[in-house]
Protein chains: 2
Amino acid sequence: MERGAVGRRSQRKQDDPDLGILAARLLFSVQKELFETLAEQGHPDLRPRHGAVLGYLDAEGTRATELSRLSGVHKQVIGNLIDELEELGYVERRPDPQDRRAKLIVPTDRGLEETVKSDAIMAAIEQRHAEALGERTYARFKRAFRNVTAQQLAHLTGEEQAGT
Amino acid sequence: MERGAVGRRSQRKQDDPDLGILAARLLFSVQKELFETLAEQGHPDLRPRHGAVLGYLDAEGTRATELSRLSGVHKQVIGNLIDELEELGYVERRPDPQDRRAKLIVPTDRGLEETVKSDAIMAAIEQRHAEALGERTYARFKRAFRNVTAQQLAHLTGEEQAGT
DNA sequence: TCCACTAGTCAAAGTTAGTGACTATCAAGA
DNA sequence: TCTTGATAGTCACTAACTTTGACTAGTGGA
């Protein structure tokens, strides 16, 4: 670590990448593995951005605005993604009996199958890491990751409110 | 955790987000904070994508292909980013004395100032998390994060080679 | 009842990433 | 020394993705 601190900046960043770099690399590589594996398992048309819908979809249906909130993606984008996924046969729009403005986005059988598979792929990825690191170390890492992420988001939200 | 396992899928994902979700949230929120802070500190035109160049740039200059390799971004995109950053006054292209095909991307004074600031902002973000989690816990988290990310990338690369 | 807010959609514009191809240059092997 | 496959960077274009503005129908609290 001290050796890295005295080298060129790019070397220092390779030896001790910051949070942003680590998060970017992890996200990119996890997404690549997930969508390549899904393609092998019969879902070749899905893209990472579809995850904003499929990643949070409940079997009983989920409102588009809820998907937008959960994923952090704009509602118009969610609408576009739902259009695509409808075309691809993963979801259907159904009226929401509790609010006549709203639609429930309901998975088709194909959509349900996909969610089961993607959850299984993610679980296998995490299990692989847990085995490599040790279950307990991995569990601690995940807990810290959740904490860091939650605090990062809270800090961002807190800042914006302070500026109001 | 067991309570979460029996709820709706979206609730389970909120209670125990997977690696992909955590990485996406952390990346997005760290980038938001970094670029908003940079804007406050006199660099309002920079975007997260510029980080593929500025995030790895050495004071003595760096080749475009090296930046592409370090950042994982296509060389043509790197070329476009360099064009933009040249226009914005952050970098210059200089011939590389060691290879007449190549160019060195060299930071201007403004570019150097930005790299110093962004490194400081990232360090402050990480210090804040270390204080919240405890220095030792944070250090362990970072080490695990580096390991998980390295192994994820190695697995992806290993897969591709196995398929060759 | 009224009105501010919300859900979802349409339309358009803006931003960013990926692919194909090319010329000059390099370096290793014959 | 010469040849050739590989590389660095750029040009040109296409594809993919995100953001902004606006609107109508519906909701719920005052």
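Every chain is numbered from 1 and lettered A, B, ... according to where its sequence line falls, protein lines coming before strand lines.
Between A:R63 atom CZ and C:dG8 atom P there is a gap of 7 Å when expressed in whole angstrom units. In this structure, B:L88 places its CG atom 13 Å from P of C:dT15, rounding to the nearest Å. Whole-Å rounding puts the B:H50 NE2 to C:dT15 P distance at 11 Å. To the nearest angstrom, C1' of C:dA27 lies 14 Å from CZ of B:R100. Atoms CD (B:E87) and C1' (C:dT15) sit 17 Å apart, rounded to a whole Å. For the pair A:E66 CD and C:dG8 P, the interatomic distance rounds to 10 Å; values are reported in whole Å. Atoms CZ (A:R93) and P (C:dG8) sit 9 Å apart, rounded to a whole Å. Atoms CD1 (A:I78) and P (C:dC10) sit 16 Å apart, rounded to a whole Å.
Transitive grouping of hydrophobic side chains (ILVMFWY, heavy atoms separated by less than 4.5 Å) brings B:L54 and B:V73 into a common cluster.
One finds no salt bridge joining B:E114 and B:R110 here, because no Lys/Arg side-chain nitrogen approaches an Asp/Glu carboxylate oxygen to under 4.0 Å. Between B:E40 and B:K117 there is no salt bridge, since no side-chain nitrogen of the basic residue lies less than 4.0 Å from a carboxylate oxygen of the acidic one.
Put simply, OG1 on B:T65 and CZ on B:R101 are 9.0 Å apart, with the number rounded to the nearest 0.5 Å.
Among C:dT9, C:dA7, C:dT25, the nucleotide with an atom closest to any side-chain atom of A:K103 is C:dT9.
Evaluated for a side chain to side chain donor-acceptor pair (under 3.5 Å) with B:D58, the options A:R9, A:R12, A:R8 yield exactly one hit, A:R8.
Using the six-membered ring where Trp is involved, A:F141 and B:F141 have ring planes that are parallel, under 30° apart on the 30 and 60° scheme.
Along DNA chain D, the stretch of nucleotides lying under 4.0 Å from any heavy atom of chain B spans, 5' to 3', D:dA6 to D:dC11.
Residues B:A64 and B:I105 approach most closely at N-CG1, 4.2 Å, considering heavy atoms.
In this structure, A:D99 reaches the sugar-phosphate backbone alone: every heavy-atom distance under 4.0 Å involves primed, P, OP1 or OP2 atoms, never a base. Here A:R69 lies out of heavy-atom contact (under 4.0 Å) with every strand.
Side-chain atoms of A:Y90 and A:H50 form no donor-acceptor pair, as typed in the model, at a separation below 3.5 Å. Judged purely by distance below 3.5 Å, without hydrogens or angles, the side chains of A:Q151 and A:N147 never pair a donor atom with an acceptor atom.
B:L38 places a side-chain heavy atom less than 4.5 Å from the side chain of B:S118. Contact annotation: the side chain of B:P95 never approaches that of B:L104 to less than 4.5 Å [non-hydrogen atoms, C-beta and beyond].
The stretch residues 53-62 of chain B has no heavy atom under 4.0 angstrom from DNA chain C at all.
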What string of B, S and - do you get for nucleotides 17-22 of chain C, 5' to 3', when a contact is any protein heavy atom under 4.0 Å?
-> SSBBB-
